[in-house]
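On a predicted model such as this, the values are computed, not experimentally measured, just so you know. All values below come from the heavy atoms of this structure, side chains included, with hydrogens, waters and symmetry mates left out.
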Number of protein chains: 2
Amino acid sequence: MTGEQTRRRGAALEADILDAVWEELADVGYARLTMEGVAARARTGKQVLYRRWANRAELVKAALPHRTGFIVDQVPDTGELREDLLTLLRLMVERQRELGPDVIRGLLAEVTDLDPKVFGIMHDILLTLLQRAVKRGEIPTADLPRRAVTVPADLLRYEMVLSLDPVADATLVGIVDDVYLPLLAGHG
Amino acid sequence: MTGEQTRRRGAALEADILDAVWEELADVGYARLTMEGVAARARTGKQVLYRRWANRAELVKAALPHRTGFIVDQVPDTGELREDLLTLLRLMVERQRELGPDVIRGLLAEVTDLDPKVFGIMHDILLTLLQRAVKRGEIPTADLPRRAVTVPADLLRYEMVLSLDPVADATLVGIVDDVYLPLLAGHG
DNA sequence: CCCCTTAGAGACGCTGCGTCTCTTATTTCT
DNA sequence: AGAAATAAGAGACGCAGCGTCTCTAAGGGG
């Protein structure tokens, strides 16, 4: 009647749980992810989850950074603005694909406190790309209203929210070529 | 032992139910709207709801046009493009406000079949505004990529999804002045 | 080596979903 | 008008999943 030899604790246990969340997301998606399911997959009890997170949304929010890297650590620098932008947007799509697209919708419905920090970071990244392009002489100025700077990220997030499939690459090209680059020209 | 004298049927009953949905949305919001709650408020049984709609999302989707008018019937024509655009965006915000902002997030999470028709309509409206502006000589051309045309509506919907409050008027002004008008200039 | 924290296991009550059944009011058909 | 068909009103039912609670025992810290 053994059963268990060793009992996980603290950070190690927490890592296993967050892994289980990712596997559960990949398996059944966000809509059908349950606390029971995560606990079972992590071979632990619900109480262990509730000791750490108040509900499903908090649990999933905690799981996100556990596997995805931070985009801030992968800011593209290809030597050309258009390529930089496309690379950045493709990174965002890549993260959407890893998660499964219904996670975004699901979290939006349940999370009431969206962290503005997340959005500020994207502004800073885009501004960096623009300033580099100014230095290279590609565009006249990076001195744009904040809202204009973030347009490509905003439009892409909008597409992610709408679609249940990973956003198509043609859409990214459209955002850059049909909207953002002309917008930059219009501000110049 | 009377209780009931008259029994509602068909369209009259349906109208009462959809009214009840709106009242329930105003009262408790989308997240806490239940089939039981709607049935009780409409003084009928759940079965009557399920006879007509398969689930909560379908029920709410059906309720939306019951009170909101169609934006297509209120296309602004102020004689100036900027004013037309702001008026249109304000109409959209007005509808968001009537609903309560969590309805958008809630429906997104549960509805898998977004109707592309809804989005095509907004493209046509914006194109109309642009073509009028061309006729007046305000802008050189309305011949833009589809994605560029819909930018203000897309950005506003993005804001609606993000925020749990009605979108501020300053945001609308920013979308028009900082993004759309420069974008049109850049395409000219 | 003892104690204290907390993992593991599962029972519990509750809410809301979606289905089903039954009676009876109202409409439609003949 | 009367009979048959339709659908409303009422509520019970089983089920899933939430979040809470309790209990035992493992293993780390002093």
Expressed as a whole number of angstroms, how long is the span from [X]:[atom1] to [N]:[atom2]?
{"X": "L59(A)", "N": "dG17(D)", "atom1": "CG", "atom2": "P", "result": "15 Å"}
{"X": "R7(B)", "N": "dA25(C)", "atom1": "CZ", "atom2": "C1'", "result": "4 Å"}
{"X": "L13(B)", "N": "dT6(D)", "atom1": "CG", "atom2": "C1'", "result": "14 Å"}
{"X": "I17(A)", "N": "dT6(C)", "atom1": "CD1", "atom2": "P", "result": "13 Å"}
{"X": "L49(B)", "N": "dG11(D)", "atom1": "CG", "atom2": "C1'", "result": "14 Å"}

Can you tell me if [X] touches the phosphate of [N], counting only side-chain N or O atoms and a distance under 4.0 Å to OP1 or OP2?
{"X": "T44(B)", "N": "dA8(D)", "result": "no"}
{"X": "T6(A)", "N": "dG27(D)", "result": "yes"}
{"X": "R8(A)", "N": "dA26(D)", "result": "no"}

- Evaluation steps, side-chain hydrogen bond (donor to acceptor under 3.5 Å, both in side chains), between E110(B) and Y30(B): CA-CA 11 Å; E110(B) 292 180 2; Y30(B) 184 85; 2.6 Å; yes

Please produce a list of atom pairs where a protein N or O lies less than 3.5 Å from an N or O of nucleotides 17-20 of chain C.
residue, atom, partner, partner atom, Å
dC17(C), OP1, M35(B), N, 3.4
dC17(C), OP2, M35(B), N, 3.2
dC17(C), OP2, E36(B), OE1, 2.6
dG18(C), OP2, Y50(B), OH, 3.0
dG18(C), N7, K46(B), NZ, 2.8
dG18(C), O6, K46(B), NZ, 2.6
dC20(C), N4, Q47(B), OE1, 2.3

Do [X] and [Y] sit in one hydrophobic cluster, given that two such residues count as connected whenever their side-chain heavy atoms are within less than 4.5 Å of each other, even indirectly?
{"X": "M122(B)", "Y": "V93(B)", "answer": "yes"}
{"X": "I139(A)", "Y": "L89(A)", "answer": "yes"}
{"X": "V111(A)", "Y": "V60(A)", "answer": "yes"}

- Query: Has R82(A) got its NZ or CZ under 6.0 Å from the middle of the six-membered ring of Y180(A), at an angle within 45 degrees of the ring axis?
  - Reply: no

- Whichever of R43(B) and R9(B) has the more 5' nearest nucleotide on DNA chain D, that residue is R9(B)

- Task: May I ask you to say what R52(A) touches in the nucleic acid, namely base, sugar-phosphate or nothing, with a heavy-atom cut-off under 4.0 Å?
- Result: sugar-phosphate

Which atom pairs, donor and acceptor, lie under 3.5 Å between side-chain atoms of residues 33-44 of chain A and protein residues at least two apart or in another chain?
residue, atom, partner, partner atom, Å
T34(A), OG1, G37(A), N, 2.8
E36(A), OE2, K46(A), NZ, 3.2
R41(A), NE, E24(A), OE1, 2.5
R41(A), NH2, E24(A), OE1, 3.0
R41(A), NH2, D27(A), OD2, 3.0

- Task: Establish whether the base of dA8(D) is bridged to the side chain of R51(B) by a donor-acceptor pair shorter than 3.5 Å.
- Result: yes

- Does a salt bridge link R51(B) with E14(B), judged by any charged N lying under 4.0 Å from a carboxylate O? no

